[in-house]
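So the structure is just underneath, and the comments pick up after that.
Quick note: residue numbers are just sequence positions, from 1.
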Amino acid sequence: MRLRKASLKSQEQLAEESDLSTRAIQELEGNYQQPLINTVYSIAKALDMDPVEFFRLIIEDYEKNGKGSFSEEEDEGDL
């Protein structure tokens, strides 16, 4: 996830700060899981982002690239 990397947080740090497991973060970034709204909210807060703006970026990325923003794949439009 580009936003996680930009925040200089490891998957472990993001997991701890968002009350998720490291495995959950890995599965989101690997596109093995789709997040629930409470997961999106928790991650946004852990990244010090407004949850509405974070969700908007996810939707925008999905519409542009056909995949969610949590993916590790780095296309120009990925977060």
Side-chain angles (χ1 to χ4, degrees):
M1 172 196 291
R2 187 177 293 184
L3 291 173
R4 175 183 59 78
K5 291 177 182 178
S7 72
L8 303 177
K9 294 183 188 218
S10 67
Q11 289 179 334
E12 293 79 11
Q13 289 170 311
L14 181 59
E16 184 177 320
E17 293 176 20
S18 61
D19 269 345
L20 298 168
S21 69
T22 301
R23 182 173 177 94
I25 299 297
Q26 291 168 339
E27 289 178 354
L28 289 169
E29 289 186 358
N31 271 342
Y32 300 112
Q33 288 266 355
Q34 294 299 316
L36 299 172
I37 190 71
N38 59 325
T39 302
V40 172
Y41 182 85
S42 295
I43 291 172
K45 294 309 252 178
L47 293 172
D48 296 321
M49 290 189 70
D50 173 60
V52 173
E53 177 65 11
F54 186 66
F55 194 66
R56 186 193 64 72
L57 291 171
I58 291 170
I59 291 170
E60 183 179 282
D61 191 53
Y62 185 80
E63 289 174 347
K64 182 176 181 181
N65 299 309
K67 64 181 188 308
S69 306
F70 292 102
S71 174
E72 282 280 350
E73 298 172 24
E74 295 280 339
D75 285 348
E76 212 168 289
D78 283 356
L79 297 178

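K9 contributes no side-chain N or O that, together with a main-chain N or O of E17, makes up a donor-acceptor pair within less than 3.5 Å.
Across all their heavy atoms, L47 and R4 have their closest contact at CD2-CA, 4.0 Å. When all heavy atoms of M49 and L57 are compared, the pair lying nearest together is CE-CD1, 3.7 Å. In terms of heavy-atom proximity, Q34 sits nearest to L28 at C-CD2, 4.1 Å.
Other residues, nucleotides and ligands place more than 12 heavy atoms under 6.0 Å from the CZ atom of R56.
Cluster annotation: L8 and F54 are assigned to distinct hydrophobic clusters (Ile/Leu/Val/Met/Phe/Trp/Tyr, side-chain heavy-atom contacts under 4.5 Å, transitive). In the hydrophobic cluster analysis, where Ile, Leu, Val, Met, Phe, Trp and Tyr join through side-chain heavy atoms closer than 4.5 angstrom, L36 is grouped apart from I58. Residue I37 is grouped with residue I43 when hydrophobic side chains (ILVMFWY) are merged at heavy-atom distances under 4.5 angstrom, including chains of intermediate members. When the side chains of ILVMFWY residues are joined at heavy-atom separations under 4.5 Å, either directly or via intervening members, I59 and L3 end up in a single hydrophobic cluster.
One distance of note links CG of D19 with OG1 of T39; it measures 11.0 Å at 0.5 Å rounding. Taken from CD1 in I25 to OG in S18, the straight-line distance is 4.5 Å, to the nearest 0.5 Å. Atoms CZ and CD, from R23 and Q11 in turn, are 12.0 Å apart once rounded to the nearest 0.5 Å.
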